[in-house]
Colleague: 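Quick one: the structure is below, and I'll ask about it shortly.
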Amino acid sequence: MNGTDPSESDPTDPTDPGRADAAAQPAGTWVERDAAVVWHGFTQMGAYVESAPLVIDRAEGRELIDADGRRYLDAISSLWVNTLGHGVPELNAALAAQAAKVAHSTMLGNGNTVVVELAEALAPVVPVDDPHFLFAADGAVAVEQALKIAYQYWVNRGVEGRTRFLALGDAYHGDTIGSLSLGDGGVFSAVFEPLCFPVIRTPGYADPGWAAKACATIDAHADELAAVVLEPLVQGASGMLCASASDVRQVGEACRQAGVLVVCDEVATGFGRTGTLFASEQCGLRPDLLCLGKGITGGYLAMSATVASGDVFGAFLGPDLGPLTFYHGHSYGGNALAAAVALEHLRLIESWDVLANVRARAEQLAVLLDERFAGRAGVRAVRQRGLMVGVELDPPEPGLRWGRRVCAGAVSRGVLLRPLGDVVVLMPPLTITGDEVVRMVDALDGALDEVTGSGGGGAPGA
Ligand SMILES: Cc1ncc(COP(=O)(O)O)c(C=O)c1O
């Protein structure tokens with residue numbers, strides 16, 4: 001590891017630089033060492049080793065490189081967080097410069113210059129009036145904060161009874177208990193149902209009448225609703241279910257008329273994914289609370305934010321230590337390293353005209369998806385908004401794990417994909433090139449042939 005041949009080192013000599021490595025080097029492959037000590041999220045660890053996981057060692061551009069030196073196009077943007085690619089010199093420089101100043105100082109009761117600069121830079125571009133930023137580290141926490149703020153907003157204003165939330169069918173807002181309560185359950189979270197609080201639920205984007213149903217329910221429950229929470233344009237984790245901008249706008253207007261707060265969860269759609277900086281813009285929505293995460297630092301560091309409008313923020317102003325205060329905050333909220341990278345990231349989105357690339361590559365991708373997959377045997381639907389794509393497979397019977405197997409086929413072709421059930425997600429970095437779009441589609445095409453052409457049999461491989 002340090003260039004010394006361990007066979008020549010003397011483990012009894014405390015001055016021998018190879019001694020520590022020779023004595024401490026764990027046995028086994030990287031996957032075995034990983035499985036011995038790491039617990040991976042959303043992963044059955046009993047099956048981890050056999051599922052041929054990649055252990056990534058480094059990255060260049062939009063490619064991840066594993067411990068054996070194999071390269072993979074990161075076509076899921078490392079779980080939807082990466083925007084500009086990996087190892088961006090400008091982001092690296094911003095990170096190093098901030099590390100030389102201060103890595104972190106608490107935001108509880110005190111400020112930090114780079115966090116102020118980030119909030120100042122975000123303020124004119126977020127679709128929120130007179131915005132105020134409460135920073136955290138994960139998307140689920142941004143949602144959790146929004147829930148608590150919306151609830152306390154009505155308490156602070158002395159309005160009784162507005163204690164409930166309306167969330168949509170197929171919604172996903174994160175894995176903490178509050179955000180999980182807003183989510184529409186499903187097999188993975190069923191075990192936690194007894195811990196969750198009840199919400200008013202109306203159908204999600206899979207139902208063409210979802211907006212009218214939501215509007216009617218908002219109207220009927222106006223007096224008890226604190227807020228409506230939605231993912232504008234795309235319900236990502238439920239398989240890239242898409243809504244029209246006008247339907248989302250209609251629901252926003254129903255909230256305004258009923259005096260109900262609107263919370264837009266743009267953890268997945270934010271920072272350019274759908275072709276505009278925020279999806280709310282396309283819907284003509286200016287939410288009271290906006291949740292940001294994932295792409296905010298370009299995929300470098302854990303950062304999220306709950307953005308509150310001036311009206312919401314104002315309801316929390318009052319005497320020091322008084323009951324109007326929002327008593328909530330996280331140790332790493334507003335981390336200075338993350339803020340410095342997020343600030344530079346925002347500047348690069350603008351100066352590289354990243355949104356123009358998103359729109360051009362999205363158009364190219366739409367044509368290719370249509371040519372190769374629309375109406376093809378084994379494919380039920382193709383859904384796309386910008387560079388968020390779901391290719392829903394159509395296995396002849398349940399339990400064939402087509403999603404897993406098609407993605408494993410793509411990985412074997414050098415393109416990293418990860419499914420949501422039987423929906424294959426394509427979510428490449430926003431700087432993807434035309435050639436890389438073709439590489440991604442070719443890999444999916446080949447993998448589909450392999451799995452669906454074989455009649456669905458064969459080894460799972462994932
Ligand atoms: C819309 C939405 N909200 C919230 C989250 C949770 O974000 P995190 O995984 O950073 O907690 C996700 C994650 O996929 C998401 O898609």
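Both ligands and their constituent atoms are indexed starting at 1 by order of listing.
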Colleague: Hey, are D422 and R380 close enough for a salt bridge, meaning a charged N less than 4.0 Å from a carboxylate O?
Modeller: no
Colleague: Just checking H330 against Y332, ring centres under 6.0 Å apart?
Modeller: no
Colleague: Side chains of T431 and R62: any donor to acceptor distance under 3.5 Å?
Modeller: yes
Colleague: Show the numbers, then the answer: is there a side-chain contact (heavy atoms from CB on, under 4.5 Å) between Y153 and F316?
Modeller: CA-CA 7 Å; Y153 169 81; F316 289 76; 4.2 Å; yes
Colleague: For Q257, give me all partners under side-chain hydrogen bond (donor to acceptor under 3.5 Å, both in side chains), at least two apart in sequence or on another chain.
Modeller: none
Colleague: Hey, do the aromatic rings of F271 and F278 have their centres closer than 6.0 Å?
Modeller: yes
Colleague: Could you list each N/O atom of ligand 1 together with any protein N/O atom closer than 3.5 Å, one pair per line with the distance?
Modeller:
unit_1, atom_1, unit_2, atom_2, d
ligand 1, 3 (N), D265, OD1, 3.2
ligand 1, 3 (N), D265, OD2, 2.7
ligand 1, 10 (O), G139, N, 2.8
ligand 1, 11 (O), G139, N, 3.4
ligand 1, 11 (O), A140, N, 2.9
ligand 1, 14 (O), K294, NZ, 3.2

